[in-house]
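Worth saying up front: this structure is predicted, and the values here are computed from it rather than measured.
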Amino acid sequence: MTADTLRITEIFHSLQGESRTSGLPTVFVRLTGCPLRCVWCDTEYSFHGGTRMSLDEIIKEVDDYGAKYVCVTGGEPLGQPNCLPLLEQLVDKGYEVSLETSGALDVSLVDERVVKVLDLKPPASGESHRNLYENIEHLTANDQVKFVIANREDYEWSVSKMLQYNLAGRVSDILFSPVNDQLAPDRLADWIISDKLPVRFQVQLHRVIWGDKAGV
């Protein structure tokens, strides 16, 4: 890899659609490439291509938007080693930075000031065998864990992992999201309420506003 560069699919300014900062104006830095192929993935366009940019160029473009929050996402951003210095430089500049990661790659070297939003992949994703459970020991009260749930089996699996790893006592938020067009949001909400789970239900706010349009 060229020194101090990253392959970037897009950089854009929008509202955060997920996580505990949902609804807040955020700059998204979407890195190119992902080693996973979740069956419900909605960012397949980021798997290939992209434009190589220096870290200075990326940060300059982020600065131009004037937002407080920055989300580094993908694809799988940790698939590119220079993601780590980008995260560090962004938090050094005073941004509130989150990292959306699949949970399949090591997060131990991520700057502790960065909010890790770590997926655990349920069975219906087709990639649950890729979960790197060692990552959980590197999560703190600053971080979040996300489960994207397609059916009742996924839901029960997610609850079991939440309990097995005491996620409610480890991270700030446990996020349960329904797979778009596969699980009705009200059904997942009813399960959460019935079981009195200590989780944050979420739908993808950007889909509610803009549908499947990319880069918003």
Side-chain angles (χ1 to χ4, degrees), residues 16-23 34-44 46-47 71-79 83 98-110 112 114-208:
Q16 175 60 266
E18 303 178 83
S19 79
R20 67 170 178 256
T21 57
S22 180
C34 184
L36 280 73
R37 293 295 183 267
C38 298
V39 298
W40 37 250
C41 181
D42 58 2
T43 54
E44 293 178 351
S46 69
F47 289 172
C71 177
V72 178
T73 186
E76 170 48 72
L78 293 178
C83 178
S98 61
L99 169 71
E100 294 188 348
T101 177
S102 66
L105 299 181
D106 180 19
V107 301
S108 64
L109 298 180
V110 174
E112 63 183 9
V114 173
V115 176
K116 296 183 288 293
V117 183
L118 184 143
D119 275 21
L120 286 179
K121 305 293 188 184
S125 71
E127 293 284 22
S128 61
H129 61 287
R130 303 291 292 274
N131 289 320
L132 186 64
Y133 293 105
E134 292 85 348
N135 276 332
I136 293 174
E137 66 186 65
H138 301 295
L139 299 178
T140 72
N142 193 41
D143 299 324
Q144 304 166 63
V145 174
K146 181 171 72 171
F147 297 89
V148 181
I149 296 169
N151 52 39
R152 182 70 192 194
E153 179 188 5
D154 275 4
Y155 172 79
E156 292 178 355
W157 182 94
S158 300
V159 173
S160 73
K161 296 303 179 186
M162 179 187 74
L163 297 174
Q164 178 182 353
Y165 291 102
N166 186 30
L167 295 179
R170 181 180 291 273
V171 298
S172 70
D173 292 89
I174 303 166
L175 309 167
F176 274 28
S177 301
V179 175
N180 188 54
D181 295 329
Q182 291 192 39
L183 178 61
D186 61 343
R187 194 170 190 188
L188 176 57
D190 287 342
W191 294 342
I192 291 169
I193 293 167
S194 177
D195 291 337
K196 301 181 175 64
L197 297 185
V199 305
R200 182 189 293 269
F201 169 82
Q202 63 173 19
V203 293
Q204 295 175 303
L205 180 62
H206 48 285
R207 281 187 183 274
V208 174

| request: Please name all residues satisfying side-chain contact (heavy atoms from CB on, under 4.5 Å) with T21, sequence neighbours left out, ordered by chain then number. | output: Q16, S19, L24, Y69

| query | Is the backbone of L105 close enough, under 3.5 Å, to the side chain of N135 for a donor and an acceptor to pair up by distance? | reply | yes

| field | Residue pair T140 / N142, side-chain donor-acceptor N/O under 3.5 Å | value | no

| said: Quick check on the 6.0 Å ring-centre criterion: do F201 and F176 meet it? | reply: no

| query | Which heavy atom in C83 sits nearest to a heavy atom in L78, and how many Å separate them? | reply | SG-CD2, 4.1 Å

| field | Q202 side chain to E18 backbone, donor-acceptor under 3.5 Å | value | no

| task | Tell me, yes or no, whether the heavy-atom count around E112 atom CD, taken from other residues, nucleotides or ligands under 6.0 Å, exceeds 12. | result | no

| Non-neighbouring partners of E156 that pass side-chain hydrogen bond (donor to acceptor under 3.5 Å, both in side chains), sequence neighbours left out | R152

| field | Distance-minimising heavy-atom pair for V203 and P185 | value | CG1-CB, 4.0 Å

| Pairs meeting criterion side-chain hydrogen bond (donor to acceptor under 3.5 Å, both in side chains) with involvement of residues 114-124, two or more places apart | K116-D143, D119-K121

| query | Under the salt bridge (charged side-chain N to carboxylate O under 4.0 Å, His left out) rule, what pairs show up with a residue in residues 182-196, not counting sequence neighbours? | reply | none

| Listed partners of R20 passing salt bridge (charged side-chain N to carboxylate O under 4.0 Å, His left out), at least two apart | D173

| request: For S158, check side-chain hydrogen bond (donor to acceptor under 3.5 Å, both in side chains) against everything at least two apart and list the hits. | output: none

